[in-house]
Amino acid sequence: MDTNNLLNHLVTAVLVIDSKLMPHYANAAAEQLLGSSVNKLREQRLPELYQFMGVESELLIDSVKASQGITVNTAALITLDGVHHIIDITLIPMEHEDDLSLLELRQVDQQHRIHQQLNLDAQQQAAQFLVRNLAHEIKNPLGGLRGAAQLLSRELAEPQLKEFTDLIIEQADRLRNLVDKLLGPQRPTQHTEHNIHQVVQKVLKLIELTLPDNVTLARDYDPSIPDMNMDPDQLQQAVLNIVQNATQALEKNGGEILIRSRTQHQVTIGTQRFKLVLALSIIDNGPGIPAELLDTLFYPMVTGREDGSGLGLSIAHNIARLHGGRIDCVSAPGHTEFTIILPLQ
């Protein structure tokens with residue numbers, strides 16, 4: 001039995017590296033993951049084959065030299081083509097082979113996303129339940145406060161005193177609007193067939209009106225994407241919220257926002273698998289999202305800005321959910337990517 005042929009049938013990337021991190025062997029899955037042929041892989045040190053990997057090169061070198069094994073779960077990998085992956089890394093010393101270790105890179109992107117989405121959906125539903133109950137408790141006394149201020153205003157003869165009742169009414173309305181924003185859309189609306197690129201173009205026209213001079217917009221559309229059932233106003237709001245966040249992230253140092261549309265095949269959303277989905281990505285080359293915010297990014301009232309409301313991404317996530325989809329996010333300094341995944345088939 002041909003051992004090399006067996007290794008080439010694995011979906012896990014397998015490499016054999018020495019203490020200088022030079023690959024001596026790579027199977028077909030490693031070639032596919034790193035985007036290079038085995039001959040090219042052998043000519044370069046491992047760190048030259050990717051932009052970023054969530055384990056230090058020095059740790060790998062020391063482990064190979066000491067014939068020690070290491071395991072790192074759910075580590076980030078950014079390949080040379082800029083694609084982000086989540087991988088499990090395992091380094092195993094090879095018996096009777098001095099200065100050589102076997103390195104396994106197992107992609108867990110799909111499993112990680114499914115687990116992350118199920119967790120997020122459960123926590124989001126709990127947060128929405130809390131917000132709905134809180135909104136009910138706030139709106140009732142707020143309505144009474146506003147009504148009392150209106151009645152009092154009619155009884156006041158002096159205009160300068162009416163300024164105070166007008167202020168009460170104005171602030172009551174502001175709080176009511178905030179509560180409505182917190183609630184966001186709750187139920188699926190009437191969906192009709194529309195083209196996603198027309199929705200995106202409307203958003204970009206709005207953004208261009210206030211776009212800083214040091215920020216540019218780029219488009220990379222797949223024109224073959226078919227029309228899909230949607231509420232165009234809701235999806236416009238979801239895209240607008242994400243693009244506005246990207247614009248604000250780039251205000252200080254400038255940069256580029258890329259809107260890219262693609263289709264993906266055999267994608268799982270929640271517990272359901274779809275033959276074909278739309279992947280609409282909003283990508284910026286700003287400073288990235290703080291690591292401590294990534295796990296709670298779509299929660300209401302979570303924001304990294306002092307003047308932020310923390311509602312934009314929560315609303316966008318809820319809109320995607322009402323369309324049977326999800327929003328993925330990967331972020332590192334110089335690359336933040338939000339991808340709206342919506343089923344087509």
Side-chain angles (χ1 to χ4, degrees), residues 1-117 262 264-268 273 277 279 281 283 294 328-335 337 339 341:
M1 187 178 292
D2 186 354
T3 307
N4 187 57
N5 188 40
L6 281 174
L7 288 171
N8 281 330
H9 279 77
L10 292 175
V11 295
T12 300
V14 176
L15 301 99
V16 175
I17 58 173
D18 60 25
S19 60
K20 295 179 182 177
L21 301 188
M22 289 295 296
H24 290 238
Y25 169 82
N27 70 346
E31 292 180 84
Q32 184 176 0
L33 177 62
L34 298 172
S36 294
S37 66
V38 66
N39 291 330
K40 287 186 178 179
L41 290 176
R42 286 175 176 172
E43 294 171 0
Q44 303 175 77
R45 294 180 69 246
L46 187 65
E48 296 169 5
L49 300 172
Y50 51 77
Q51 293 184 31
F52 173 82
M53 188 162 72
V55 62
E56 295 290 337
S57 299
E58 289 75 15
L59 177 60
L60 291 175
I61 292 170
D62 293 342
S63 299
V64 175
K65 285 180 177 178
S67 295
Q68 291 180 341
I70 59 171
T71 299
V72 180
N73 292 321
T74 59
L77 172 71
I78 306 175
T79 49
L80 293 177
D81 56 2
V83 177
H84 289 240
H85 300 279
I86 304 294
I87 58 172
D88 287 343
I89 303 169
T90 305
L91 184 74
I92 305 169
M94 297 185 67
E95 291 184 12
H96 313 302
E97 295 285 351
D98 291 339
D99 203 42
L100 289 179
S101 290
L102 186 140
L103 179 67
E104 292 182 36
L105 307 176
R106 188 167 70 92
Q107 287 183 253
V108 292
D109 304 64
Q110 188 77 334
Q111 298 96 308
H112 180 73
R113 286 194 184 113
I114 292 170
H115 177 71
Q116 193 177 42
Q117 187 194 354
R262 293 290 187 270
Q264 294 179 3
H265 298 271
Q266 300 300 332
V267 174
T268 301
R273 194 167 184 83
V277 300
S281 299
I283 306 164
L294 281 173
D328 295 337
C329 174
V330 290
S331 183
H335 184 99
E337 181 172 346
T339 304
I341 306 287

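Along the sequence shown, residues carry numbers from 1. Given the structure is predicted, the values throughout are model-derived calculations rather than measurements. Heavy atoms only: backbone and side chains are in, while hydrogens, waters and symmetry mates are out.
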Pairwise salt bridge (charged side-chain N to carboxylate O under 4.0 Å, His left out) hits with a residue in residues 86-104, at least two apart | Asp88-Arg106
Measuring from Leu15:CG to Ser101:OG, what's the distance to the nearest 0.5 Å?
-> 12.0 Å
Is there side-chain contact between His335 and Ile78, with heavy atoms separated by less than 4.5 Å?
-> no
Taking all non-hydrogen atoms of both residues into account, name the closest pair between Met94 and Leu102 and its distance.
-> CG-N, 3.8 Å
If every non-hydrogen atom of Gln44 is compared with every non-hydrogen atom of Glu48, which pair is closest and at what distance?
-> CB-OE1, 3.4 Å
Pairwise salt bridge (charged side-chain N to carboxylate O under 4.0 Å, His left out) hits with a residue in residues 19-38, at least two apart | none
For the residue pair Asn8 and Ala28, what are the closest heavy atoms and their distance?
-> OD1-N, 2.8 Å
List in chain and number order the residues that pass side chain to side chain donor-acceptor pair (under 3.5 Å) with Ser281, two or more places apart in sequence or in another chain; answer none if no residue qualifies.
-> Glu337, Thr339
Shortest non-hydrogen separation from Pro93 to Ser67 and the atoms involved = CG-O, 3.4 Å
Candidate list Asn27, Leu103, Leu100, test side-chain contact (heavy atoms from CB on, under 4.5 Å), partner Val16, passing option = Leu100
Check side chain to side chain donor-acceptor pair (under 3.5 Å) between Arg42 and all other residues, then give those that pass, not counting sequence neighbours.
-> none
Side chains of Ile17 and Leu91: does their closest heavy-atom pair fall under 4.5 Å?
-> yes
Output for pair (His85 NE2, Leu34 CG), nearest 0.5 Å, gives 8.5 Å
Out of curiosity, Gln32 CD to Gln107 CD, how far, rounded to the nearest 0.5 Å?
-> 7.5 Å
Rounded distance [0.5 Å steps], CG in Leu41 versus CE in Met22 | 10.0 Å
Listed by chain and number, what are the side chain to side chain donor-acceptor pair (under 3.5 Å) partners of Ser36, not counting sequence neighbours?
-> none
Listed pairs under 3.5 Å, donor-acceptor, residues 49-64 side chains, sequence neighbours left out:
from: Gln51; atom 1: NE2; to: Thr79; atom 2: O; distance (Å): 3.3
from: Gln51; atom 1: NE2; to: Leu80; atom 2: O; distance (Å): 3.3
from: Ser63; atom 1: OG; to: Leu59; atom 2: O; distance (Å): 2.8

Side chains of Ile89 and Leu105 in contact at under 4.5 Å (non-hydrogen atoms) = yes
